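Below: the structure, in structure tokens.
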Amino acid sequence: MAYPRTQKLNLLRLTVLFIVALAGIKFLFRDSITLELHKHVSKDNGFWGKAGEAEEESRLRSRALELSAVKSAGPKQEIKKQLSRDVGTREMRLIHLDLKGAAPKVSYLEQIFPLLSKLGANGVLVEYEDMFPFQGELEILRSPYAYSEADIEKIQQLAVLNELEVVPLVQTFGHVEFILKHDKYRHLREVERFPNSFNPHVPETLSLLKSLLSQVMDKHRHSGWIHIGADEVFHLGEGMDSKNWISHNNGDMGKMYLNHIKEVVNFLVNRYQGLQVLMWDDMLRKIDVGTIQESGIVKHVAPVLWFYAPDLDSEQIGKFISKYSESGFKTVWFASAFKGTTGPVQAWTPLNYHLKNHLSWLKVIQAMAKFPFIRFQGIALTGWQRYDHYSVLCELLPVAIPSLAVCLQTLENGGFTEAAKKKILDTLGFQNIHLEKSTCEGNGAFPGAEIYRMVEQIDGQLKESIVKVLDDESAIKGWFSQYHRKHRFGNPRNLENFGSKVLKVHEDWENFIQNFRSQLDSIYFPDTVEEWMEENVNPYMDRLREFVRDYREIVHLNAKPKTL
């Protein structure tokens with residue numbers, strides 16, 4: 001049945017009114033959500049402000065989903081994509097994880113990341129070196145214990161959950177021993193004898209670096225920064241190619257250095273739009289302002305000015321900051337140290353040394369108002385694990401956790417205040433901290449506290465107790481000398497005067513070391529455990545073990561004549 005024309009018009013009007021009403025309700029609802037979101041965002045505008053719990057949970061879940069989505073998308077889809085997050089507005093505190101030695105298992109990072117965040121960090125500077133799961137032509141660079149691709153993904157997810165920005169560090173000029181030690185890449189050395197630095201004049205050098213950087217960044221597509229190292233380019237200019245270049249370019253070594261850096265930077269920023277580049281500043285210190293400006297790197301690069309000594313020359317640092325400002329850099333970073341800078345074989349971290357380093361940097365940070373044309377962007381608290389690829393291990397990470405806590409809280413509180421000290425003690429589970437003695441009272445309640453306490457005993461007592469029982473005992477000198485042991489003779493009556501004491505020391509340390517080794521095994525890969533034991537335990541324990549072996553054998557000979 002056909003409706004009359006007026007009825008059709010009325011029905012049409014009602015339908016339109018209904019649609020308009022629905023649209024209005026939807027708009028009002030969306031606007032209220034937007035206003036609420038702005039309220040939450042405004043809470044997080046402060047330097048170290050914390051957002052509301054509901055918004056924070058939603059944001060973390062969102063970032064975790066983003067990571068998952070990026071993982072499912074191929075790397076080609078991510079190339080040229082503008083980074084969605086603004087990484088230029090926050091002041092950063094990055095904790096340097098130097099993985100070219102004693103790389104922790106991911107299970108330990110899972111325990112330690114919440115602690116870093118709680119103590120005041122908001123990022124990690126990850127120097128993978130041979131721990132990255134390089135593929136294809138680069139697979140030769142991988143350590144046998146390198147992280148898997150799943151591990152790299154897990155590390156980033158853990159970082160998201162603990163509000164830590166991940167900044168990968170890839171050396172691109174010097175400190176590339178892990179690459180140039182291989183015969184496959186020997187021809188890329190600046191000086192053929194030394195594996196320290198690249199020859200920047202060989203086209204294959206840049207080709208290799210592009211592949212290296214692509215593999216790392218394609219696995220870190222949510223990182224807003226990358227650190228390209230570029231420090232301590234030892235022997236630069238000593239290779240024949242460099243000598244020829246310098247002779248035709250007025251001896252301008254700085255320009256030669258920056259030509260290579262420019263190529264690396266241009267590749268990165270063109271391939272990953274929005275990416276910001278960090279580099280150590282020590283080579284830049286020697287290069288004049290005009291040469292730096294001419295290179296064009298200042299648009300995308302921030303220098304990381306590093307000094308690790310307790311008493312910084314603030315006047316000299318001010319000159320460097322002025323120079324970088326004049327060169328056109330918009331931001332500058334600083335680098336302190338919480339471990340790994342007091343000796344290549346350092347086993348126990350000196351607390352006061354590193355505290356003073358951070359107190360000095362605080363003064364520099366607080367004086368940045370004197371440099372209105374360059375902004376302080378952040379500080380990296382370095383934790384060197386080796387001086388280079390070939391050196392032995394410095395302090396293990398669990399050993400340096402108290403130092404890290406002292407340094408972070410000093411930065412957060414503007415000094416080593418009572419509030420800082422209380423936060424450290426409460427967080428680490430100590431009763432007191434003695435800076436001059438570099439010791440803490442209490443067992444500790446942080447991940448790796450057992451290793452911290454056991455290394456303290458090994459460092460302070462192992463050698464001393466063995467020397468005391470073997471070298472200070474006159475009966476041993478008189479009746480069980482090296483001559484007695486060589487010729488396998490001795491009087492059991494005399495040997496038993498000191499034997500029980502030596503056997504007790506040996507048994508106690510063997511039990512201790514067995515427990516210690518199991519603690520190391522829970523955090524570190526077998527190569528790290530073996531190296532640390534070889535360097536810090538076995539030189540003393542092997543001596544004691546050999547003595548006990550000889551004692552047991554000779555005492556059971558029942559005073560036989562000496563062998564010839």
Side-chain angles (χ1 to χ4, degrees), residues 44-48 82-96 120-126 164-170 172 217 220 222-231 258 261-262 264-266 268-270 272-285 287-307 312 314 316-336 358 360-382 411-412:
D44 203 35
N45 283 340
F47 185 177
W48 295 107
Q82 180 74 29
L83 292 170
S84 60
R85 291 180 298 112
D86 180 7
V87 297
T89 57
R90 291 192 298 166
E91 291 186 8
M92 304 298 295
R93 295 186 188 128
L94 304 181
I95 305 304
H96 177 223
N122 63 353
V124 285
L125 178 63
V126 187
L164 299 171
E165 181 83 19
V166 177
V167 180
L169 191 160
V170 181
T172 56
M217 283 309 300
H220 292 82
H222 273 252
S223 291
W225 288 280
I226 183 173
H227 197 310
I228 62 169
D231 61 316
L258 287 175
I261 298 301
K262 179 173 61 177
V264 171
V265 171
N266 286 345
L268 284 167
V269 299
N270 288 330
Y272 306 97
Q273 292 185 18
L275 185 67
Q276 297 183 30
V277 181
L278 308 178
M279 63 180 287
W280 302 122
D281 85 304
D282 54 287
M283 300 295 288
L284 295 174
R285 298 172 196 174
I287 303 174
D288 64 81
V289 170
T291 304
I292 295 175
Q293 290 174 335
E294 184 184 344
S295 73
I297 69 168
V298 297
K299 183 179 178 181
H300 303 289
V301 173
V304 184
L305 214 163
W306 60 271
F307 282 95
L312 304 180
S314 57
Q316 182 62 59
I317 290 176
K319 290 179 181 178
F320 289 137
I321 297 172
S322 292
K323 174 182 178 178
Y324 299 147
S325 177
E326 185 182 353
S327 299
F329 290 108
K330 300 304 179 186
T331 60
V332 65
W333 289 61
F334 303 138
S336 58
H358 285 79
S360 294
W361 273 119
L362 266 178
K363 293 178 182 178
V364 175
I365 294 169
Q366 291 162 357
M368 281 300 295
K370 294 189 296 184
F371 310 99
F373 301 109
I374 191 168
R375 180 169 62 87
F376 167 63
Q377 175 75 79
I379 185 168
L381 289 77
T382 62
L411 292 175
E412 186 167 25

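Fair warning: this is a prediction, and the values are worked out from it, not measured in the lab.
Listed here is the closest heavy atom pair of A121 and I95: CB-CG1, 3.6 Å. Of all heavy-atom pairs spanning S336 and I379, the tightest one is OG-CD1, 3.8 Å. Taking each heavy atom of E412 and G120 in turn, the nearest pair found is OE1-CA, 3.8 Å. Shortest non-hydrogen contact noted between L94 and V124 is CD2-N, 4.0 Å. Smallest separation of non-hydrogen atoms from L275 and S223: CD1-O, 3.6 Å. Minimum heavy-atom separation, Q293 to S327: CG-O, 3.1 Å.
You'll find the side chain of D281 stays beyond 4.5 Å of the side chain of V332, heavy atoms only. L125 has its side chain out of reach of T382: every pair of non-hydrogen atoms, C-beta onward, lies at least 4.5 Å apart. For the pair Q377 and L278, the minimum side-chain heavy-atom distance is 4.5 Å or more. Side-chain contact check for I297 versus V277: every heavy-atom pair is 4.5 Å or farther apart.
Taking the six-membered ring for Trp and thresholds of 30 and 60 degrees, H227 and W280 have ring planes inclined between 30 and 60 degrees apart. Ring planes of F307 and F320: parallel class, angle under 30° (limits at 30 and 60°).
With sequence neighbours excluded, the residues forming a salt bridge (charged side-chain N to carboxylate O under 4.0 Å, His left out) with E294 are K255, listed by chain and number. For K319, the side chain to side chain contact (heavy atoms under 4.5 Å, CB included) partners at least two apart in sequence or on another chain are E315, Q316.
To the nearest 0.5 Å, atoms NZ (K330) and OG (S325) are separated by 8.0 Å. In this structure, CZ on R285 lies 8.0 Å from CD1 on I317, to the nearest 0.5 angstrom. Note that CG of N266 is 10.0 Å distant from NZ of K299, once rounded to the nearest 0.5 Å. Here the OG1-CG distance, from T172 to L268, works out to 8.5 Å after rounding to the nearest 0.5 Å. From I374, atom CD1 reaches atom NZ of K323 across 12.0 Å, with rounding to the nearest 0.5 Å. Of the inter-residue distances, the one linking W333 atom CH2 with R375 atom CZ reads 10.0 Å to the nearest 0.5 angstrom.
None of F371, F376, F329 except one satisfies the side-chain contact (heavy atoms from CB on, under 4.5 Å) rule with I321; the exception is F371. Among E165, E91, M92, the one residue that satisfies the side-chain contact (heavy atoms from CB on, under 4.5 Å) test with N122 is M92.
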- Task: Evaluate the side-chain contact (heavy atoms from CB on, under 4.5 Å) criterion for residues I261 and I228: first the C-alpha distance (whole Å), next the side-chain angles of each, then the deciding distance (0.1 Å), finally the verdict.
- Result: CA-CA 9 Å; I261 298 301; I228 62 169; 4.2 Å; yes
